[in-house]
Amino acid sequence: MRRNVRKRDNQDDELSIKIIKYSGIAVAILAIIVFALLIYSKNLNDEVKDGTLTEEQISSILNNVNSSENTESASSEIGKKVNELSEEMNSNNNINSVNEINTISDNQVKDSQNNVTTQNILTTNKITPTNSEAEKDKRDENKKEEENKNNVELKFDLPVEGEISRDFAKDNLVYSETLQEWTVHTGIDIKADKTTVVKTAETGTVKTIKNDPRYGLTVIIEHANGFQTVYSNLLTSEFVVEGEKVEKGQSLGTVGNTAAFEIADEAHLHFEILKDSVQVDPNIYLK
């Protein structure tokens, strides 16, 4: 029995809470509706008020129209105001037109200045080459000169007139009277009396003048296309100096007997030709 009473009390409490909630919601909705009605009523009154003023203005204008004097004065005043307004608008338009013309002129002047500046920059860049371009052109010219120099056709002459006493022997052996043994011979020996003038076999530049421990006083000349000529067993080299450019057939020294490896042989010129620093048979290149 007690349980039933408690259960009923709980149900009553829940029902009361629901009623309170729904009542609160209803009150809130009603308040919103009332507030909306108030706002709507105020807006309606404002519109009515505006409408009344408009009607009053209309009746006043009609009364003024009935009076001819008032109509003429009003017309003249309106015409005056219209004319003044028209003149003012025309004046403003003219001022605006002048301003637009000035603006256009300024823009044209600026554009012209910009074009002149751009043309000057382009002209300067076109006329004045950069350092890198100048250096590149110089390198290309040097390369072309070097190529032209290396493409020269060479024809070697005998440096002295005489019989070849010992021939080129790089791949086989020849007997050396001085060394008393068989050995290679990387040039040719040309018989000639002492003090016979030795001449350059081809145009070139004197690279070295030295006393070689094997072949005595020696002059080395560089030529185009990687060629070198070697003149050894000289008595003197008084006609040239290192670094000198020499022409074909130019005197460079005299025949001697200064080669230690060929001291037992008769006076002669030991002559070699090198291609890319390698000894080659001079007979192939001598004309």
Looking only at heavy atoms, the pair that brings Ala224 and Leu154 closest together is O-CD1, 3.3 Å
With a 3.5 Å cut-off and sequence neighbours excluded, list the donor-acceptor pairs that the side chains of residues 251-260 form with protein atoms.
{"residue": "Thr254", "atom": "OG1", "partner": "Thr236", "partner atom": "N", "Å": "3.4"}
{"residue": "Thr254", "atom": "OG1", "partner": "Thr236", "partner atom": "OG1", "Å": "2.7"}
{"residue": "Thr258", "atom": "OG1", "partner": "Leu217", "partner atom": "N", "Å": "3.2"}
{"residue": "Thr258", "atom": "OG1", "partner": "Leu234", "partner atom": "O", "Å": "3.0"}

Results of salt bridge (Lys or Arg N to Asp or Glu O under 4.0 Å) for Asp193 - residues two or more places apart only: none
Ring pair (Phe, Tyr, Trp, His ring centres under 6.0 Å) pairs, two or more places apart, involving residues 184-221: His185-His270, Tyr215-His270
Write down the atom of Phe271, the atom of Leu286, and the distance for their closest heavy-atom approach. CE2-CD2, 4.2 Å
By side-chain contact (heavy atoms from CB on, under 4.5 Å), which residues pair with Thr203, not counting sequence neighbours? Glu247, Lys248
Going by the rule side-chain hydrogen bond (donor to acceptor under 3.5 Å, both in side chains), which residues pair with Gln180 if we only count those two or more places apart in sequence or in a different chain? Tyr175
Considering only heavy atoms from C-beta outward, does the side chain of Ile190 approach that of His268 to under 4.5 Å? no
Partners passing side-chain hydrogen bond (donor to acceptor under 3.5 Å, both in side chains) against Gln250 (at least two apart in sequence or in another chain): Glu244
Applying side-chain contact (heavy atoms from CB on, under 4.5 Å) to Ile33 and not counting sequence neighbours gives Ile29, Leu37
For residues Thr218 and Thr208, determine if any side-chain heavy atom of one lies less than 4.5 Å from a side-chain heavy atom of the other. no
Okay, side chain of Glu181, backbone of Ser176: is any donor-acceptor separation there less than 3.5 Å? no
side-chain hydrogen bond (donor to acceptor under 3.5 Å, both in side chains) pairs, two or more places apart, involving residues 16-33: none
Mind checking whether Ile209 and Leu269 sit in one hydrophobic cluster, side chains of I, L, V, M, F, W, Y counted as touching below 4.5 Å? yes
In this structure, are over 12 heavy atoms from other groups packed under 6.0 Å from Asn172 atom CG? yes
Tell me, please, which residues at least two apart from Thr186 pass side-chain hydrogen bond (donor to acceptor under 3.5 Å, both in side chains). Glu272
Please name the pair of heavy atoms, one in Val219 and one in Ser237, separated by the smallest distance, quoted to 0.1 Å. CG2-CB, 3.8 Å
Residues in side-chain contact (heavy atoms from CB on, under 4.5 Å) contact with Lys275, at least two apart in sequence or another chain: Asn225, Phe227, Val280
Residues two or more places apart in sequence or in another chain: which of them pass side-chain hydrogen bond (donor to acceptor under 3.5 Å, both in side chains) with Thr229? His223, Tyr231
Rounded to the nearest 0.5 Å, what's the gap from CG on Asp137 to CD on Glu135? Could you check? 10.0 Å
Does Glu266 have more than 12 heavy atoms from other residues, nucleotides or ligands lying within 6.0 Å of its CD? no
Which distance, rounded to the nearest 0.5 Å, do you find between the CD1 of Ile221 and the OG1 of Thr205? 8.5 Å
List the atom pairs, with distances to 0.1 Å, where a side-chain N or O of residues 160-167 and a protein N or O form a donor-acceptor pair under 3.5 Å, not counting sequence neighbours.
{"residue": "Ser165", "atom": "OG", "partner": "Asp189", "partner atom": "O", "Å": "3.3"}
{"residue": "Arg166", "atom": "NH1", "partner": "Asp265", "partner atom": "OD2", "Å": "3.0"}
{"residue": "Asp167", "atom": "OD1", "partner": "Asn283", "partner atom": "ND2", "Å": "2.9"}

Give the cluster check for Val230 versus Val198: same hydrophobic cluster or not, with ILVMFWY residues linked at side-chain heavy-atom distances below 4.5 Å. no
Can you confirm whether Phe168 sits close enough to Ile284 that some side-chain heavy atom of one is under 4.5 Å from a side-chain heavy atom of the other? no
